[in-house]
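These notes concern the structure reproduced below.
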Number of protein chains: 2
Amino acid sequence: MSQTVRAPVMADVARLAGVSHQTVSRVVNDAAHISPETREKVLDAIERLGYRPNTSARALVRGRTGIIGVIATASVEFGPVSIQRTVEQAAAAAGFFPTSVNLPELSTAALEQAVDHLRTLGVEAVVMIAGHDEALGIVRAQRTGVPVVVAQGDLGRDSSGVGVDQWAAARAVTEHLVGLGHREIVHVSGPLDWAEARARLEGWRQAMFDAGLRPASPITGDWSSESGFRAGLQICQRPEVTAVFAANDQIALGLLRALYECGRTVPGDVSVVGVDDIPEAAYLIPPLTTVRQDFAAVGRRAIDLVQRLVAGEPAEPVPLLVPELVVRSSTAPPPPLR
Amino acid sequence: MSQTVRAPVMADVARLAGVSHQTVSRVVNDAAHISPETREKVLDAIERLGYRPNTSARALVRGRTGIIGVIATASVEFGPVSIQRTVEQAAAAAGFFPTSVNLPELSTAALEQAVDHLRTLGVEAVVMIAGHDEALGIVRAQRTGVPVVVAQGDLGRDSSGVGVDQWAAARAVTEHLVGLGHREIVHVSGPLDWAEARARLEGWRQAMFDAGLRPASPITGDWSSESGFRAGLQICQRPEVTAVFAANDQIALGLLRALYECGRTVPGDVSVVGVDDIPEAAYLIPPLTTVRQDFAAVGRRAIDLVQRLVAGEPAEPVPLLVPELVVRSSTAPPPPLR
DNA sequence: AACCATGATGTTAGCGCTCACAAAGGGGCG
DNA sequence: CGCCCCTTTGTGAGCGCTAACATCATGGTT
């Protein structure tokens with residue numbers, strides 16, 4: 001085993017380059033007033049030694065760690081994961097070090113622990129990807145001392161958040177269905193302590209009212225295919241229903257299966273729409289009409305906001321992103337009146 | 001805006017408690033030989049001041065950051081994401097600070113940048129969740145100076161890895177199919193520069209030989225539903241095929257759709273099996289027979305290994321985890337010979 | 001010719017913490 | 001009663017770096 005040689009430090013570089021450590025520091029942080037020759041010498045020494053600055057020392061003296069905490073649920077669903085990925089990428093691209101905490105459960109204790117962990121690390125800001133209200137409340141209540149940005153949560157009452165206009169998504173879906181001639185459109189919602197679930201519910205309801213239709217009471221799901229399947233079984237009992245708007249694609253997937261089981265064809269007898277446009281959506285039976293969201297943009301905007309807040313600028317509200325309806329084969333006009 | 005008061009440091013606690021900073025340090029790190037009263041006083045002062053140790057300062061003097069780097073692909077697929085989640089959780093549970101880098105593309109440049117980023121952070125170890133060979137090679141070639149543990153990659157030639165026995169998974173699937181009476185079993189593989197894809201391919205091939213069957217040449221996919229759909233279209237042209245073993249559930253999903261399109265019923269005409277047991281697998285049409293893997297165990301073991309390597313212990317090979325066949329409704333005996 | 005702005009570099013201090021060592025006090029034992 | 005050892009606490013140095021200031025040429029300006 002090669003005896004661990006001490007990693008080179010700034011002083012080593014300085015010695016090799018024949019300059020002071022401060023000059024090395026200047027080159028590393030490319031400050032002004034360095035002669036080209038000196039810079040060259042220093043760069044060369046750095047290269048030769050394989051030197052890299054010690055982040056801890058730098059953070060210590062600067063009083064800034066450059067670390068951004070990301071709190072997310074441990075779910076492996078397409079939406080949250082996609083947002084998390086893009087948040088992390090955008091953070092890294094902006095020169096931050098993203099550090100994630102993925103919570104298996106959204107208990108108060110778990111959240112407090114997560115925040116504690118992040119504070120210990122010295123994060124400069126926190127991005128929350130839990131659209132779950134209570135979670136948000138707990139983190140806010142912790143007085144983290146650093147800016148908290150919410151991605152895709154309840155963005156109404158607080159300006160430091162970014163997300164997609166779920167209300168508009170639901171409206172677009174409902175209007176599409178109404179436009180095809182549907183009148184009995186059922187909504188299978190997500191859990192209502194999620195802001196996104198509520199926004200989709202409200203968008204649907206509003207669009208129904210606007211179309212002069214009476215929205216039947218929605219069925220509450222939990223984002224899972226299983227809940228979609230159960231909802232579908234209920235809908236099988238209701239022959240008047242000709243269209244179902246599922247709060248996400250997983251629910252729609254379960255729905256498709258239940259409808260298949262009870263012999264209702266899609267889209268012949270019933271139209272089905274989801275939200276998210278998961279990669280599998282185009283390959284379901286039948287290919288699913290759904291709503292595409294630009295998750296990458298959410299991530300980028302979240303980090304933009306973080307940068308602004310870290311710099312001490314006031315948080316202007318970020319406009320919501322506009323989702324896009326993707327029409328495939330799971331929607332069609334309702335069957336002729338019987 | 002409350003004027004930013006300097007965060008309390010150890011000296012502040014010491015002053016308030018009437019002891020030296022060193023005594024505070026001892027309490028914080030709960031060292032031996034501290035009288036109960038002193039500990040009490042210090043703890044009280046810490047509480048009152050809301051003190052928390054500065055991680056950078058600590059890392060600087062200790063020469064250890066406690067940070068573990070996780071390199072993963074930016075994919076949002078169930079398997080990799082699940083492993084990543086559990087690795088992160090296990091790392092946090094072990095007192096480390098996990099930091100992930102998710103690569104949108106597996107180019108050399110991107111990987112080098114990722115490693116560079118992690119080294120800058122001062123990681124003590126790296127966990128790679130890319131089963132992709134080349135990625136692994138690039139990271140290994142970087143001489144990171146810290147242990148690299150591979151989760152779910154090519155584990156054969158190197159001891160510092162943990163994973164599930166994909167070869168056994170493929171065998172179990174194939175034997176299940178053979179046991180049902182199938183003789184023309186096609187494999188739709190993952191990309192063959194992925195170790196897992198190769199292991200599944202080999203397991204299938206071996207099981208076919210062992211059963212005295214001639215394995216037809218496999219169709220190569222890329223893990224996506226789309227590739228599964230395309231493969232399915234090919235299989236539609238081959239009436240002799242009565243069973244398909246897909247390298248993952250997404251591929252199986254696309255396959256199901258293609259077979260549906262061309263009028264081959266599942267499992268009546270063709271049996272289909274996937275791998276991963278994604279949450280949706282039970283709600284496909286029909287519910288998918290697949291292989292369940294204990295991803296949480298992979299994560300835990302990876303961190304166990306990391307701890308051992310960081311402590312300087314030799315890396316004993318970790319035995320592969322055994323996957324579990326989950327039989328649902330997409331497999332049945334082949335149709336009677338015509 | 002005296003002056004000072006400017007660029008290039010060096011010197012010093014100190015960020016907040018842990019490590020190594022020193023020092024003080026108390027009890028057991030011959 | 002003196003010695004030694006153990007417990008408890010304190011002191012000083014220094015981890016690797018950046019910020020602030022000091023220094024020293026240089027060259028244009030009056």
Side-chain angles (χ1 to χ4, degrees), chain A residues 4-43 45-46 49-67 95 97 119-124 145, chain B residues 4-43 45-46 49-67 95 97 119-124 145:
Chain A
T4 316
V5 274
R6 196 175 46 75
V9 299
M10 200 167 260
D12 298 325
V13 177
R15 203 170 311 116
L16 182 58
V19 298
S20 75
H21 63 126
Q22 177 61 343
T23 300
V24 177
S25 173
R26 289 196 182 95
V27 171
V28 168
N29 297 289
D30 46 34
H33 311 317
I34 291 283
S35 74
E37 311 87 70
T38 307
R39 156 170 283 117
E40 201 49 52
K41 272 191 304 185
V42 171
L43 253 18
I46 287 176
L49 258 31
Y51 167 78
R52 56 183 56 229
N54 179 312
T55 306
S56 300
R58 191 178 259 182
L60 176 60
V61 65
R62 286 212 262 226
R64 293 196 41 189
T65 58
I67 298 178
F97 300 104
R119 291 185 65 188
T120 299
L121 257 183
V123 295
E124 294 184 28
Chain B
T4 315
V5 273
R6 195 175 48 74
V9 299
M10 200 167 260
D12 299 325
V13 176
R15 203 171 310 117
L16 182 59
V19 297
S20 75
H21 65 124
Q22 177 60 7
T23 300
V24 177
S25 172
R26 289 196 180 96
V27 172
V28 168
N29 297 289
D30 47 33
H33 312 315
I34 290 284
S35 74
E37 311 86 70
T38 308
R39 155 169 283 115
E40 201 51 51
K41 271 191 306 186
V42 171
L43 253 19
I46 286 176
L49 258 32
Y51 168 77
R52 59 180 56 230
N54 180 314
T55 305
S56 299
R58 190 178 262 183
L60 176 59
V61 64
R62 285 213 260 223
R64 294 196 39 188
T65 58
I67 298 178
F97 301 104
R119 291 184 65 188
T120 299
L121 256 183
V123 295
E124 295 185 28

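Heavy atoms only: backbone and side chains are in, while hydrogens, waters and symmetry mates are out. Naming: A, B, ... by sequence-line order, numbering from 1 per chain. Values in this document were obtained by computation on a predicted structure and should not be read as measured data.
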(request) Would you kindly give the CG-to-C1' distance between B:Asp12 and C:dG16, to the nearest whole Å? (result) 11 Å
(request) Check whether any side-chain nitrogen or oxygen of B:Thr38 sits under 4.0 Å from OP1 or OP2 of D:dT9, and answer yes or no. (result) yes
(request) By nearest nucleotide on DNA chain C, pick out whichever of A:Pro36 and A:His21 is the more 5' one. (result) A:Pro36
(request) Rounded to the nearest angstrom, tell me the gap between atom CD1 in A:Ile46 and atom P in D:dC17. (result) 10 Å
(request) Rounded to the nearest angstrom, tell me the gap between atom CG in B:Asp30 and atom C1' in D:dT8. (result) 16 Å
(message) Using the side-chain heavy atoms of A:Thr23, tell me which of these nucleotides is nearest: C:dG10, D:dC17, D:dT8.
(response) C:dG10
(request) Report the distance from atom CD of B:Glu37 to atom P of C:dG25, rounded to the nearest whole Å. (result) 17 Å
(request) Compare side-chain N and O positions of B:Asn54 against OP1 and OP2 of C:dC15 and report whether any pair is under 4.0 Å apart. (result) no
(request) Among the candidates C:dG16, C:dG10, D:dC17, find the nucleotide nearest to the side-chain atoms of A:Val9. (result) D:dC17
(request) Using a 4.5 Å cut-off on heavy atoms from C-beta on, say whether the side chain of B:Val42 contacts that of B:Arg26. (result) no
(request) Would you mind telling me which of C:dG16, C:dT9, C:dG10 lies closest to the side-chain atoms of A:Ser20? (result) C:dG10
(message) Given D:dT9, C:dT9, C:dG16, identify the nucleotide with an atom nearest to the side chain of A:His33.
(response) C:dT9
(request) Measure from CE on B:Met10 to P on D:dG10 and round the result to the nearest Å. (result) 13 Å
(request) Take B:Val19 and B:Leu60, find for each the nucleotide of DNA chain D with the closest heavy atom, and name the residue whose nucleotide sits nearer the 5' end. (result) B:Val19
(request) Please answer whether the main-chain N or O of B:Ala59 pairs with a side-chain N or O of A:Ser56 as donor and acceptor at a distance below 3.5 Å. (result) no
(message) Taking the side chain as everything from C-beta on, heavy atoms only, tell me whether B:Val28 gets closer than 4.5 Å to B:Arg58.
(response) yes
(message) Do A:Thr120 and B:Phe97 make a side-chain contact, defined as non-hydrogen atoms from C-beta onward lying under 4.5 Å apart?
(response) yes
(message) It should be established whether B:Arg58 places a side-chain nitrogen or oxygen under 4.0 Å from OP1 or OP2 of nucleotide C:dC17.
(response) no
(message) Could you tell me how far apart B:Arg26 (CZ) and D:dT7 (P) are, to the nearest whole angstrom?
(response) 13 Å
(request) Taking the side chain as every heavy atom from C-beta outward, state whether A:Leu60 and B:Asn54 have any pair of such atoms under 4.5 Å apart. (result) yes
(request) Take atom CZ of B:Arg62 and atom C1' of D:dC15, then tell me their distance rounded to the nearest Å. (result) 13 Å
(message) Please tell me if B:Ser35 has a side-chain N or O lying less than 4.0 Å from either OP1 or OP2 of D:dT9.
(response) yes
(request) Nearest whole angstrom, please: distance from the C1' of C:dG16 to the CG of B:Leu49. (result) 15 Å
(message) Can you work out whether B:Gln22 or B:Ser56 has the more 5'-proximal nearest nucleotide on DNA chain C?
(response) B:Ser56
